[in-house]
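So the structure is just underneath, and the comments pick up after that.
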Amino acid sequence: MPAKVLTVTSGKGGVGKTTASANLAAALASQGLKVVCIDADIGLRNLDLILGLENRIVYDLVDVVEGRCRVRQAMIRHKQLPTLHLIPAAQTRDKTAVSPSDMIRLCDELRQDHDWILIDSPAGIERGFRNAIAPSDLVVVVTNPEVSAVRDADRIIGLLEAEEKGPPRLVLNRLNPELVRRGEMLSPEDVLELLAIDLIGIVPEDEHVVMASNRGIPVALDPKNQAGQAFRNIAQRLQGHRVPFMELERKDGFLNRLSRMIGLGGKA
């Protein structure tokens with residue numbers, strides 16, 4: 001069965017989009033699925049760092065597009081997950097070096113040999129964003145529960161619908177239940193009401209996510225970490241499995257109410 005192409009995007013930089021891309025890829029590959037990540041953030045690559053592959057880059061996405069190497073030569077295999085590969089972005093070029101049609105051709109070449117192709121989109125709405133969504137079958141929008149991030153996510157959702165790439169799914173990242181309870185952070189219900197798209201996962205605020213990213217080991221590979229479990233649950237939902245949302249606070253808390261509201265009842 002040909003691979004599904006999943007694009008992970010956001011309206012605002014700094015919401016954890018690349019971290020989400022790395023962890024979803026790792027979660028899918030940890031199930032034995034064949035996954036290839038494409039870092040489409042030309043000029044500002046970071047996916048290689050979070051996957052711990054920065055010292056193994058020889059060729060990059062632009063080298064493939066411009067014919068300096070074959071696709072296989074640019075694919076870097078993950079050290080812990082043999083079914084996970086990365087095609088890194090170029091650091092010394094700009095986003096005009098790749099076109100939407102280039103991305104479609106590349107993904108078409110990769111589809112037959114993989115289960116998932118995951119594209120890490122640049123933040124924003126310019127050429128890099130259009131490159132990243134051109135071949136996509138599914139789009140996940142990552143946002144934080146803060147007003148500016150949600151407003152930018154809403155803009156991205158509108159663009160996706162205009163490009164007939166919707167409806168996207170939502171990942172709410174860095175949720176802090178205590179701040180929500182104190183009224184200092186938007187609740188999941190608030191965000192869903194504003195964006196009006198399906199929620200596919202909530203990732204709690206967790207300092208171990210940053211620590212794991214700095215070490216180049218996605219937190220999704222840690223079986224004891226709650227944020228890692230959230231990413232693994234999202235990976236299951238992407239495959240069509242019904243997985244309840246994790247309860248991040250007491251049983252009468254907002255996630256319990258949210259789960260009832262969207263019909264998943266009691267793990268993020």
So for atom [atom1], which belongs to [X], do other residues, nucleotides or ligands contribute more than 12 heavy atoms lying within a distance under 6.0 Å?
X	atom1	result
Glu184	CD	yes
Arg70	CZ	no
Arg169	CZ	no

Hey, does the side chain of [X] reach the backbone of [Y] with a donor-acceptor pair shorter than 3.5 angstrom?
X	Y	result
Ser187	Val180	no
Arg56	Arg77	yes
Lys79	Gly52	yes
Thr7	Ser136	no
Asp115	Lys34	yes
Thr143	Ala149	yes
Asp190	Leu186	no

Decide whether [X] and [Y] are clustered together by the hydrophobic rule: side chain heavy atoms of Ile, Leu, Val, Met, Phe, Trp, Tyr closer than 4.5 Å, transitively.
X	Y	result
Ile119	Trp116	no
Leu44	Leu61	no
Met75	Val62	yes
Leu49	Val35	no
Val209	Val15	yes

[X] to [Y] - nearest heavy-atom pair and separation:
X	Y	value
Leu53	His78	CD2-CA, 4.0 Å
Leu221	Leu81	CD2-CD1, 3.9 Å
His241	Gln236	CD2-OE1, 2.9 Å
Ala74	Pro88	O-CD, 3.6 Å
Ala25	Leu84	CB-CD1, 3.9 Å
Lys12	Ser148	CE-OG, 3.3 Å

Does a donor on one side chain and an acceptor on the other come within less than 3.5 Å for [X] and [Y]?
X	Y	value
Gln229	Asn225	no
Asn46	Thr18	no
Ser101	Ser99	yes

Is there side-chain contact between [X] and [Y], with at least one heavy-atom pair below 4.5 Å?
X	Y	value
Val71	Leu106	yes
Lys4	Ile117	no
Leu238	Ile200	yes
Leu47	Asp120	yes
Gln31	Arg232	no
Pro100	Arg127	yes
Leu51	Pro218	yes
Asp60	Ile87	no

Worked check of side chain to side chain contact (heavy atoms under 4.5 Å, CB included) between Arg237 and Arg242:
CA-CA 6 Å; Arg237 293 184 195 116; Arg242 288 180 63 83; over 6 Å; no
Point-to-point distance, once rounded to the nearest 0.5 Å, from [atom1] of [X] to [atom2] of [Y]:
X	Y	atom1	atom2	answer
Leu118	Ile38	CG	CD1	9.0 Å
Gln91	Arg45	CD	CZ	4.0 Å
Asp39	Asp48	CG	CG	7.0 Å
Ile202	Leu170	CD1	CG	8.5 Å
Asn131	Glu126	CG	CD	11.5 Å
Ile197	Ile157	CD1	CD1	3.5 Å

Note: [X]-[Y] ion pair, threshold 4.0 Å (strictly below):
X	Y	result
Glu66	Arg93	yes
Arg111	Asp108	yes
Asp102	Arg105	yes
Asp113	Arg72	yes
Arg174	Glu146	no
Lys165	Asp137	no

Give the C-alpha distance, both sets of side-chain angles, the deciding distance and a yes or no for side chain to side chain contact (heavy atoms under 4.5 Å, CB included) between Lys17 and Val141.
CA-CA 8 Å; Lys17 171 189 54 61; Val141 175; over 6 Å; no
Stepwise side chain to side chain contact (heavy atoms under 4.5 Å, CB included) test for Phe129 and Thr9:
CA-CA 8 Å; Phe129 166 75; Thr9 189; 3.6 Å; yes
Tell me, with the steps shown, if Leu175 and Glu205 meet side chain to side chain contact (heavy atoms under 4.5 Å, CB included).
CA-CA 5 Å; Leu175 184 83; Glu205 180 71 63; over 6 Å; no
